[in-house]
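To start, the structure itself, in structure tokens.
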Amino acid sequence: MARKALIFCFLFVSSAFAQHQHAAATSPKAAAQATTLLPGMGNAHHAVSTTNPMAQKYFDEGLSLIYGFNHAEAEKAFARAAGLDPNLAMAQWASPWPSARTTTYR
């Protein structure tokens, strides 16, 4: 009986740790370098504290993408903006925003 209980406990505990594996995620730095500006992203704009015009463009693109619920591409755009201007706090703040949990209120 003790042996069956031990086997049950082992199976129960091992199933808790047996999570499926996701595809290998690229690092934010690698994702940022591979990102290019997408055409036709609208005119969303929020002025941020950067002197790099490309960082501003990528930040604005990230806003357009997050507003359009394209979270994966928005995260890449924010990471690219942060890569172009490491002192751009808004890009650092916004980069994990698309992967944050969303809640729907009814």
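Note that the structure is a prediction, hence the values are computed from the model and not measured.
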Can you name the nearest heavy-atom pair linking Gln56 to His45, along with the distance? NE2-CE1, 3.4 Å

Minimum heavy-atom separation for Ala91 to Ala81, with atom names? CB-CB, 4.0 Å

Residue pair Leu65 / Glu75, side-chain heavy-atom distance below 4.5 Å: no

Centre-to-centre under 6.0 Å for Phe59 and Phe78, is that the case here? yes

Shortest non-hydrogen pair, Pro86 vs Gln92, comes out as O-NE2, 3.8 Å

Would you name the heavy atoms of Ser64 and Ala44 that are closest together and state the gap between them? OG-CB, 3.3 Å

Examine distances only and state if a side-chain atom of Glu61 and a backbone atom of Ala74 form a donor-acceptor pair shorter than 3.5 Å. no

How close do Thr50 and Leu88 get, counting heavy atoms only, and between which atoms? CB-CD1, 4.1 Å

Evaluate the side-chain contact (heavy atoms from CB on, under 4.5 Å) criterion for residues Met54 and Leu37: first the C-alpha distance (whole Å), next the side-chain angles of each, then the deciding distance (0.1 Å), finally the verdict. CA-CA 9 Å; Met54 289 305 291; Leu37 284 172; 3.6 Å; yes

At what distance, to the nearest 0.5 angstrom, does CD1 of Ile66 lie from CD of Glu73? 11.5 Å

Test your reading of the model: is there a side-chain donor-acceptor pair from Asp60 to the backbone of Asn43, 3.5 Å cut-off? no

Provide the closest heavy-atom pair for Leu84 versus Tyr58 in the form atom of the first, atom of the second, distance. CD1-CD1, 3.6 Å

Look up atom CG in Asn52 and atom CG in Asn87, then write down how far apart they are to the nearest 0.5 Å. 11.0 Å

